[in-house]
Novice: 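Would you mind keeping the following structure in view while I ask a few things?
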Amino acid sequence: MKSSLVCIRRLERLSVTAHLTRKTLQTSVTTKNMHRLYEGVNDEVPATKGIVTGTIPSWVNGALYRNGPAIFQIGPDKFKHLFDGMGAIQKFEVKDGAAVFSRKFINSNSYQKNMSVNRIVVSEFGTYAAYPDPCKTIFERFFSYFKLGKPTDNTNITIWPFKDRLFTSTETTHLHEIDPDNLDTISKVDLKDNMTISSAIAHVHWDRDGTIHNIGHLYEGHPSYCLFRIPAGSDITDGKVVASVKSRWKLNPGYYHSFAVTENYYVFVEQPLVINVLKILTARIRGLRIPDCLDYWPDEKAIFHVIDKATGEPVNQSFVYQSDAFFTFHHVNAYEDGDSLVLDLCSYKDAQIIKKVYMKDFSKDRVDETLKHLPKAILSRFVLPLGVNSETPKDKNLIEMSGCKATAVRTSDDTVHCTHDAIYNEGFELPTVNYDLYNGRQYRYSYGFSVQSEKTVALVKVDLPNKTSLQWDCEGCVPSEPIFVADPDGTEEDDGVVLSAVMTLGEGDDNFLLVLDGKTFTERARARFPGVQINRDLHGFFRRTVDHRL
């Protein structure tokens with residue numbers, strides 16, 4: 001395996017015709033074995049010490065926790081979608097310059113039922129379980145086809161902290177508490193037992209005091225979007241809905257996977273990828289999967305909802321902030337700048353990405369073509385002028401941020417139409433920031449995962465105000481979501497390191513934990529784990545042994 005090199009790119013800022021200039025030192029990635037990354041794993045891994053080359057800074061003292069789909073085949077049955085596998089927690093414990101890896105499966109009811117009969121009996125996001133739950137009677141099985149079934153409790157998307165506890169989540173109301181030391185599944189929580197919500201998203205936010213913020217749906221009556229909060233110092237079951245916004249479509253609430261917070265506001269996008277409730281209601285009898293029940297309406301607008309944290313009321317209700325249709329999975333960050341709200345997210349021109357990541361698309365004979373044509377997200381910046389009022393002139397760009405091409409124009413008595421500034425357009429997903437210090441605050445840097453072609457899979461550091469970037473890629477290596485760990489003695493935003501679990505494609509090459517310098521984006525160290533297969537996961541976070549968060 002060739003040693004890693006950094007590719008540096010600069011996004012020119014002069015005009016819409018300016019193009020990306022790139023000095024490429026190395027971009028080749030061996031792809032003949034790429035399909036192996038998506039075959040999943042079947043084993044748990046006890047604590048296994050890595051072999052470190054380079055130097056991991058002594059202040060990197062804690063654990064990187066990762067969550068994602070891991071088991072994609074049970075007996076003769078295979079899960080159909082990349083989001084469906086049985087979840088597993090992976091842990092990289094770092095202390096005194098050494099690293100130890102371990103993995104355990106989330107012991108959900110779905111996992112127990114599937115494994116007990118050695119086949120898939122619980123439906124997932126993109127997999128319809130053709131075989132009935134063996135615990136049901138013949139009458140229960142029959143009638144279950146004519147009503148909504150219980151959602152999976154396979155919490156395989158992310159993992160996050162609540163005080164000194166860890167919880168996993170997915171796009172249902174189910175959570176699992178995970179033991180931070182041995183990764184055992186301690187218990188299950190169903191948020192709707194104590195709150196009037198029908199679903200919740202996986203990507204919670206946590207304040208510096210430990211308060212948890214999240215958003216979900218309520219489907220009863222006219223569907224609505226529900227923001228809820230779990231206060232620091234309370235129990236995980238003490239959540240309370242603090243704001244509710246009705247969907248603009250009575251039978252088609254908008255789908256979302258994430259949202260953003262600032263010091264004073266919540267902000268989320270009501271995008272025109274909608275949940276078709278009528279399809280959901282008949283999904284079981286028709287054998288439909290969740291992606292089949294999502295409709296994309298390209299002629300509808302995306303609506304930005306801004307909610308006051310303190311009152312739960314929409315901000316500037318006299319105006320609708322909108323843009324042309326787009327789709328997003330992940331918000332990057334948001335912050336307040338005077339009377340404007342800056343919102344950064346990973347935007348796609350449509351929602352095709354959801355239907356481009358079925359497991360069949362990552363088979364040995366199709367994976368190269370899939371990666372070659374995979375829709376790319378743009379790191380996009382929107383600016384919402386919250387101070388607009390009846391005296392604000394129409395047909396004039398209200399955004400005057402230096403170097404920013406985002407626009408916001410009052411087009412009618414009650415509408416502000418927004419366009420984004422494309423900060424980085426070569427593919428930017430799984431975005432992270434210096435979360436503990438800069439989430440919801442004005443910031444400069446974001447780190448992301450970039451599938452640029454079937455031969456280039458990279459990590460990217462983007463300087464948003466200057467529209468410049470640094471890149472790490474290595475032949476035969478596929479990284480995961482980058483996680484920034486701040487130097488507790490640092491004085492600048494990017495003082496720290498970036499961690500990523502890296503899977504290798506070469507025969508006999510070791511998977512490893514990568515440690516990049518937060519400023520230069522060059523490799524400081526890697527911890528190799530010979531003979532250990534690291535599964536492709538999705539999201540995680542780093543918890544310090546001693547918490548230096550402010």
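All values reported here derive from a predicted model rather than from experimental measurement. Note that the numbering runs from 1 along the sequence shown for the chain.
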Novice: Assess the residue pair E124 and H81 against the criterion (side-chain hydrogen bond (donor to acceptor under 3.5 Å, both in side chains)); give the C-alpha distance rounded to whole Å, side-chain angles, the decisive distance to 0.1 Å, and a yes or no.
Specialist: CA-CA 9 Å; E124 297 290 338; H81 200 277; over 6 Å; no
Novice: Verify the ring-centre separation between F319 and F304: is it less than 6.0 angstrom?
Specialist: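 Centroid distance F304-F319: not below 6.0 Å, so no.
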Novice: Under the salt bridge (Lys or Arg N to Asp or Glu O under 4.0 Å) test, which residues partner K250, sequence neighbours left out?
Specialist: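 With sequence neighbours excluded, K250 shows a salt bridge (Lys or Arg N to Asp or Glu O under 4.0 Å) to no residue whatsoever.
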Novice: Apply side-chain hydrogen bond (donor to acceptor under 3.5 Å, both in side chains) to the pair Y348 and E429, showing each step before the final yes or no.
Specialist: CA-CA 10 Å; Y348 297 86; E429 259 295 0; 2.8 Å; yes
Novice: Rounded to the nearest 0.5 Å, what separation is found between the CG atom of N252 and the NZ atom of K279?
Specialist: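 N252 CG to K279 NZ: 9.5 Å, rounded to 0.5 Å.
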Novice: Just jot down the side-chain hydrogen bond (donor to acceptor under 3.5 Å, both in side chains) partners of T411, sequence neighbours excluded, or say none.
Specialist: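 With neighbours one apart ignored, the set is empty.
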Novice: Apply the side-chain hydrogen bond (donor to acceptor under 3.5 Å, both in side chains) test between R66 and each candidate in E481, Q90, H539; give the one that qualifies.
Specialist: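 Of the listed options, the one satisfying the test is E481.
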Novice: By ring pair (Phe, Tyr, Trp, His ring centres under 6.0 Å), which residues pair with Y219, not counting sequence neighbours?
Specialist: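 Y219 satisfies ring pair (Phe, Tyr, Trp, His ring centres under 6.0 Å) with H217 once adjacent residues are dropped.
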Novice: Under the side-chain contact (heavy atoms from CB on, under 4.5 Å) test, which residues partner S390, sequence neighbours left out?
Specialist: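 If we apply the side-chain contact (heavy atoms from CB on, under 4.5 Å) test to S390, skipping adjacent residues, there are no hits.
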Novice: Is it the case that over 12 heavy atoms from other parts of the model lie below 6.0 angstrom from the NZ atom of K309?
Specialist: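 Correct, the count exceeds 12.
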Novice: Before accepting this row, confirm whether a basic side-chain N of the pair E177/R165 lies closer than 4.0 Å to the acidic partner's carboxylate O.
Specialist: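 Salt bridge flag = yes for R165 with E177.
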Novice: Would you name the heavy atoms of S480 and L459 that are closest together and state the gap between them?
Specialist: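 Scanning both residues, the minimum pair turns out to be O-CD2, 3.3 Å.
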Novice: Distance only, no hydrogens: is a donor on one side chain within 3.5 Å (strictly under) of an acceptor on the other, for D190 and T173?
Specialist: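 T173 and D190 do have a side-chain donor-acceptor pair below 3.5 Å.
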Novice: Among residues at least two apart in sequence or on other chains, which ones pass salt bridge (Lys or Arg N to Asp or Glu O under 4.0 Å) with D339?
Specialist: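 Salt bridge (Lys or Arg N to Asp or Glu O under 4.0 Å) check on D339 returns nothing, list empty.
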Novice: Check this for me, if you would: do R248 and E270 make a salt bridge, where the nitrogen-to-carboxylate-oxygen distance has to be below 4.0 angstrom?
Specialist: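 Here R248 pairs with E270 in a salt bridge, since their nearest N and O are under 4.0 Å apart.
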Novice: Looking only at heavy atoms, which two atoms of I74 and I71 are closest? And how far apart?
Specialist: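 Result for this residue pair: CG1-CG2, 4.0 Å.
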Novice: So does K80 have more than 12 non-hydrogen atoms from other groups sitting under 6.0 Å from NZ?
Specialist: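 Counting neighbours around NZ of K80, 12 or fewer heavy atoms of other residues, nucleotides or ligands fall under 6.0 Å, so no.
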Novice: Would a line drawn from the ring center of F268 to the ring center of Y225 be shorter than 6.0 Å?
Specialist: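 Yes - the distance between ring centres of F268 and Y225 falls below the 6.0 Å cut-off.
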Novice: In chain order, what residues pass the salt bridge (Lys or Arg N to Asp or Glu O under 4.0 Å) check against D179, with sequence neighbours excluded?
Specialist: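 Scan of D179 (salt bridge (Lys or Arg N to Asp or Glu O under 4.0 Å), adjacent residues dropped) gives none.
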Novice: Charged N to carboxylate O below 4.0 Å: is that the case for D324 and K301?
Specialist: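 A salt bridge links D324 with K301.
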Novice: Do you see a donor-acceptor pair shorter than 3.5 Å between the side chains of S169 and W160?
Specialist: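 Per modelled atom types, S169 and W160 side chains form a pair under 3.5 Å.
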Novice: Which residues pass the side-chain contact (heavy atoms from CB on, under 4.5 Å) test with Y438, not counting sequence neighbours?
Specialist: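 With sequence neighbours excluded, Y438 shows a side-chain contact (heavy atoms from CB on, under 4.5 Å) to N434, Y443, E493, given in chain and number order.
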Novice: Which residue, I89, I106, T155, forms the side chain to side chain contact (heavy atoms under 4.5 Å, CB included) with T185?
Specialist: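 Going through the options one by one, the only one that passes is I106.
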Novice: In plain terms, say whether K356 and D361 are close enough for a salt bridge, that is, a side-chain N and a carboxylate O under 4.0 Å apart.
Specialist: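 So K356 does not pair with D361 through a salt bridge.
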Novice: Measure the OG-CG distance between S116 and N109 for me, rounded to the nearest 0.5 Å.
Specialist: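 It comes to 10.5 Å.
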Novice: Kindly say whether the aromatic ring centers of H203 and H330 come within a distance under 6.0 Å.
Specialist: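 Here the rings of H330 and H203 have centres that are less than 6.0 Å from each other.
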Novice: I'd like to check the side-chain hydrogen bond (donor to acceptor under 3.5 Å, both in side chains) partners of T127; sequence neighbours left out, ordered by chain and number.
Specialist: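 For T127 the side-chain hydrogen bond (donor to acceptor under 3.5 Å, both in side chains) partners, ignoring immediate neighbours, are D84.
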Novice: Strictly by modelled atom types, are D295 and N276 linked by a side-chain donor-acceptor pair under 3.5 Å?
Specialist: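 Checked: D295/N276 side chains pair up, N/O donor to acceptor below 3.5 Å.
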Novice: Not counting sequence neighbours, which residues clear side-chain hydrogen bond (donor to acceptor under 3.5 Å, both in side chains) with E263? List them please.
Specialist: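 Residues passing side-chain hydrogen bond (donor to acceptor under 3.5 Å, both in side chains) with E263: none at all.
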Novice: Side chains of N264 and T262: do they bring a donor and an acceptor to under 3.5 Å?
Specialist: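 There is no such pair between these side chains.
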Novice: Using the six-membered ring wherever Trp is involved, compare the ring planes of F329 and Y255 and label them parallel, tilted or perpendicular (cut-offs 30° and 60°).
Specialist: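 F329 and Y255: perpendicular rings.
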Novice: Roughly how far, to the nearest 0.5 Å, is OG1 of T237 from CG of N194?
Specialist: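 So the gap between those two atoms works out to 5.0 Å.
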Novice: For K188, check salt bridge (Lys or Arg N to Asp or Glu O under 4.0 Å) against everything at least two apart and list the hits.
Specialist: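 For K188 the salt bridge (Lys or Arg N to Asp or Glu O under 4.0 Å) partners, ignoring immediate neighbours, are D153.
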Novice: Looking at SG of C346 and CG of L430, how far apart are the two atoms once the value is rounded to the nearest 0.5 Å?
Specialist: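 Result: 8.0 Å between the selected atoms.
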Novice: Of all residues at least two apart in sequence or in a different chain, which pass the side-chain hydrogen bond (donor to acceptor under 3.5 Å, both in side chains) check with H205?
Specialist: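 Partners of H205 by the side-chain hydrogen bond (donor to acceptor under 3.5 Å, both in side chains) criterion, ordered by chain and then number, come out as Y435, N439.
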Novice: Evaluate the criterion side-chain hydrogen bond (donor to acceptor under 3.5 Å, both in side chains) for residue pair T152 and N154; output intermediate values, then yes/no.
Specialist: CA-CA 5 Å; T152 176; N154 177 28; 4.9 Å; no
Novice: Distance check, rounded to the nearest 0.5 Å: I197 atom CD1 versus I215 atom CD1?
Specialist: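 Spacing of CD1 (I197) from CD1 (I215) equals 11.0 Å.
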Novice: Begin with the C-alpha distance, continue with both residues' side-chain angles, and end with the deciding distance and a verdict on side-chain hydrogen bond (donor to acceptor under 3.5 Å, both in side chains) for D207 and H213.
Specialist: CA-CA 8 Å; D207 282 348; H213 306 269; 2.8 Å; yes
Novice: Which side-chain N or O atoms in residues 238-247 pair as donor and acceptor under 3.5 Å with protein atoms at least two apart or in another chain?
Specialist:
from	atom 1	to	atom 2	distance (Å)
D238	OD2	D235	N	2.9
S244	OG	S224	OG	3.4
S247	OG	W249	N	3.0
S247	OG	W249	O	2.8

Novice: Could you tell me which non-hydrogen atom of I483 sits nearest to which non-hydrogen atom of G540, and how far apart they are?
Specialist: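 Closest pair (atom of I483, atom of G540, distance): CD1-O, 3.4 Å.
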Novice: How many angstroms lie between atom CZ of R543 and atom CG of D436, to the nearest 0.5 angstrom?
Specialist: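 Reported to 0.5 Å precision, the distance equals 11.0 Å.
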